[in-house]
Amino acid sequence: MKKMKLYIDNNEVEVMEGTTILEAAQGLNITIPTLCHHEDLCIAGNCRVCVVEVEGSEMLSAACATPVSTGMRIKTNSLKVRDSRRTIIDMLLSEHAGECVTCQRSGNCELQTLAVLYGSPDNHLMDISIKTEPDRSSSSIIKDDSKCIKCQRCVRTCQEIQKIGALTMSGKGEHAKVSTFFELPLNTVVCTNCGQCVIRCPTGALVERTYIDEVWDVIGNSDVHTVVQTAPAVRVGLGEALGHDAGGRFTGQMVSALRKLGFDAVFDTNFTADLTIIEEGSELLNRLTNVIKGSGEALLPMFTSCSPGWIKFIEHQFPHLLGHLSTCKSPQQMFGALAKTRWSEKAQIEPEKISSISIMPCTAKKFEAARPEMNDSGYRDVDYVLTTRELAKMIKQAGIDFDKLDESECDSLLGKHSGAAVIFGATGGVMEAAIRTVYELVTGRPVPFENLNITAVRGMEGIREATLRIEGTVEKYNFLEGVELKVAVAHGLKNANAIMELVSQGSAPWHFVEVMACPGGCLSGGGQPIPTSPEIREARARAIYEEDESLPIRKSHENPEITRIYEEFLTDGPCGHKSHHLLHTHYTPRR
Amino acid sequence: MSISLSVKTAIEESGNSRENLMSVLQIIRSDLGTLSPAILTEVADQMGLSRADVYGTATFYSFLETTPVGKYSIRICRSISCDMKNKNAVREALENHLFIKKGETTKDGMFTLTETNCLGHCHEGPVMLVNDEIHTELTPDSAVKIIEEIRIREGVDE
């Protein structure tokens with residue numbers, strides 16, 4: 001590929017053939033406004049906000065969709081460009097139900113930002129927006145077509161990243177809109193509630209269903225005992241929603257903020273992440289035992305079951321493979337079940353007086369909490385799920401100066417955790433945590449990796465594989481001597497789909513597969529701060545692994561509260577009767 | 001023909017990749033009539049496409065109807081040449097005759113009245129298409145007469 005020299009606003013720049021004008025300008029630190037463009041998605045070129053003037057051409061060109069050529073002279077800020085850009089933005093605004101004072105995205109809306117910066121001070125175009133009733137059918141996501149600017153980022157996200165295709169463009173011309181199949185409500189189509197569309201929507205057309213008011217109500221009710229849990233990825237995302245750069249860790253301040261908000265008991269989903277490792281690790285060993293030693297009837301590979309978007313995906317797309325899913329509930333649901341049993345007993349508070357609230361990087365967790373079967377204690381495992389964004393909003397509403405908060409620690413009983421739990425927030429983390437524990441259970445020795453870091457399963461490659469030879473087994477597991485444990489990790493449902501095709505054909509070589517619905521894992525879940533990009537995901541992942549290394553305990557089975565719960569509460573052991581009743585679940589085939 | 005067999009046949013005839021989708025839908029539209037949710041679900045499943053994708057494609061083309069239409073689709077050209085030759089009077093005559101408005105279907109399910117973009121007969125306007133048949137240089141009376149003839153024919157057929 002050859003290099004090309006061109007000039008942008010009279011600055012000389014040399015780039016590789018195939019580079020777009022937008023990318024070349026970014027290399028010169030020249031900002032060209034964009035809307036439909038997104039780093040994670042294919043080029044659409046439909047919003048026209050990024051138009052620039054190319055010398056010798058009568059027409060303006062879309063910078064995001066035009067490759068450079070040698071000698072090109074480009075103006076990004078000429079009168080003609082400024083006029084056109086303004087008209088384009090004014091026209092988008094004329095079709096947009098601009099409810100900025102009530103919109104969830106106000107203050108973090110790309111259209112609003114561009115309107116303020118480039119739109120007419122006095123938009124003379126007629127308001128032709130059509131107010132339609134938003135689709136509120138989903139427990140996770142609200143779709144409001146009247147705020148949609150038809151950039152199709154959501155359609156591309158659902159198709160390209162997730163390979164679901166729950167959304168499409170229907171109709172044409174003035175009737176074109178983002179639709180589901182036959183305009184059916186979101187809760188009746190293949191939507192996995194992953195929320196990847198939400199974190200890529202430039203406006204408020206796709207937002208999470210919010211439960212902030214309900215949570216304030218229970219906090220304010222002195223008859224209700226509120227118990228809160230926070231997922232591992234929240235602590236590395238929250239800072240961004242409160243004005244910090246990506247990659248900051250705010251665990252201690254977050255715990256302090258939760259106490260200031262008025263939650264009665266502040267715990268950590270990380271505790272049940274550790275518990276998941278014990279339960280899921282035992283389940284894997286049981287399946288391996290059956291296959292190698294026993295009847296051979298257990299289904300392998302076993303899949304992780306932490307990601308509710310992934311669960312709904314397999315229920316829709318591969319219902320015949322549901323038996324491969326670990327029966328473990330996700331850490332959120334395990335925690336909820338324990339809040340209303342173990343914590344209820346210890347704190348001597350009746351379960352009906354406990355409200356269980358979780359803070360998640362995820363929109364699908366809202367759907368998961370609402371699944372009818374998630375009430376094994378006789379009460380809802382989890383009553384309300386808030387996203388990282390909603391927690392940030394509550395912190396602001398309460399007038400808390402987050403940056404000045406001292407660090408503090410979670411309450412004990414369901415609050416202690418290992419580094420292995422923290423890395424659940426990154427793709428590959430559940431696998432790494434599981435290997436740290438399973439290998440040690442089977443051999444009596446720690447995993448043979450420097451500083452316990454299993455780098456083979458880390459990173460952002462869509463599908464990663466690793467093989468671990470098991471040697472020097474303890475007596476109980478001597479049938480595994482010399483076995484090569486084969487594992488795979490996938491993130492983003494498009495990659496999950498590729499794995500499932502192999503499993504469907506019977507040609508999957510693995511014993512254990514981790515799947516996270518969202519690219520990068522939970523750290524870039526649909527409930528995390530907006531925006532997302534490859535750089536942001538890398539920064540959050542670094543923070544997750546730093547947090548892991550900063551903790552004194554790095555393996556789930558060494559968490560003293562985990563030892564204690566099996567001594568005092570789950571006394572028939574991992575995958576025992578009580579665990580099965582409270583911490584395991586079943587799945588529902590869907591069309 | 002059953003939905004699944006009709007879809008299978010159309011796919012065998014046109015091909016099974018996404019670029020064959022429009023052709024598949026055209027064949028099925030003429031075999032089975034309006035493209036219902038059940039039909040488009042079958043197309044999506046057999047072609048390995050998302051249901052929404054198939055629906056989105058169908059809705060782009062006004063000749064691939066996804067909502068119920070009458071046995072006869074009357075499409076009056078709404079382009080500027082026909083408009084200048086008084087297509088509105090033709091439309092109103094048909095609306096009065098059929099007791100429906102533009103976009104509606106008669107109660108007996110026989111006729112749907114819509115407007116369409118240019119039919120390429122600008123020199124013979126105003127024009128309308130009844131299913132696949134073009135009718136040119138219409139007047140309000142001649143348009144009504146065409147519809148009445150269809151009614152008589154349908155009556156005799158039955």
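Just so it is clear: chains get the letters A, B, ... in the order the sequence lines come, proteins before strands, and each one is counted from 1. Since this is a predicted model, take the numbers as computed values, not measurements. In what follows, every heavy atom counts, from backbone to side chain, and hydrogens, waters and symmetry copies are set aside.
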Q.
Looking at B:Lys8, I want to see if its NZ is surrounded by more than 12 non-hydrogen atoms of other residues, nucleotides or ligands under 6.0 Å.
A. no
(Q) Using heavy-atom distances under 4.5 Å, tell me whether B:Leu64 contacts chain A through its side chain, its backbone, both, or neither. (A) neither
Q: Heavy-atom pairs under 4.5 Å with chain A are the metric here; pick the option from B:Thr57, B:Thr67, B:Val54, B:Thr41 that has the most.
A: B:Thr41
Q: Take B:Arg51 and A:Thr168 through the test side chain to side chain contact (heavy atoms under 4.5 Å, CB included) and record every step on the way to the result.
A: CA-CA 9 Å; B:Arg51 291 174 198 176; A:Thr168 187; over 6 Å; no
Q) For atom NZ of A:Lys494, is the number of surrounding heavy atoms from other residues, nucleotides or ligands below 6.0 Å larger than 12? A) no
Q: Check whether more than 12 heavy atoms from other residues, nucleotides or ligands sit under 6.0 Å from atom CG of B:Leu5, and answer yes or no.
A: yes
(Q) If you count every heavy atom of other residues, nucleotides or ligands that lies below 6.0 Å from B:Ile80 atom CD1, does the total exceed 12? (A) no
**Q.** A:Lys172 to B:Ser62 - nearest heavy-atom pair and separation
**A.** NZ-N, 3.7 Å
**Q.** Test side chain to side chain contact (heavy atoms under 4.5 Å, CB included) applied to B:Asp45 and A:Arg591, step by step
**A.** CA-CA 11 Å; B:Asp45 290 354; A:Arg591 278 283 286 164; 3.1 Å; yes
Q: Evaluate the ring planes of B:Tyr55 and A:Phe181, with Trp represented by its six-membered ring, and classify them as parallel (under 30°), tilted (30 to 60°) or perpendicular (over 60°).
A: perpendicular
Q: Tell me, yes or no, whether the heavy-atom count around A:Gln505 atom CD, taken from other residues, nucleotides or ligands under 6.0 Å, exceeds 12.
A: yes
Q: Might you confirm whether atom CZ of A:Arg590 has over 12 heavy atoms from other residues, nucleotides or ligands at distances under 6.0 Å?
A: yes
(Q) Can you give me the closest heavy-atom contact between B:Ala52 and A:Gly165, atom names plus distance? (A) CB-O, 3.3 Å
Q.
Show the nearest heavy-atom pair for residues A:Ile164 and B:Ser50, with the distance to one decimal.
A. O-CB, 3.5 Å
Q: Could you tell me the separation between the OG atom of A:Ser170 and the CG atom of B:Asp53, rounded to the nearest 0.5 Å?
A: 12.0 Å
Q) Based on non-hydrogen pairs under 4.5 Å, which of A:Glu183, A:Gln159, A:Met169, A:Lys163 is most in contact with chain B? A) A:Glu183
**Q.** Over all atoms of both residues, closest heavy-atom pair of B:Thr66 and A:Phe182
**A.** O-CE2, 3.3 Å
Q | Side chain, backbone, both or neither of A:Gln317 within contact of chain B (heavy atoms, under 4.5 Å) | A | neither
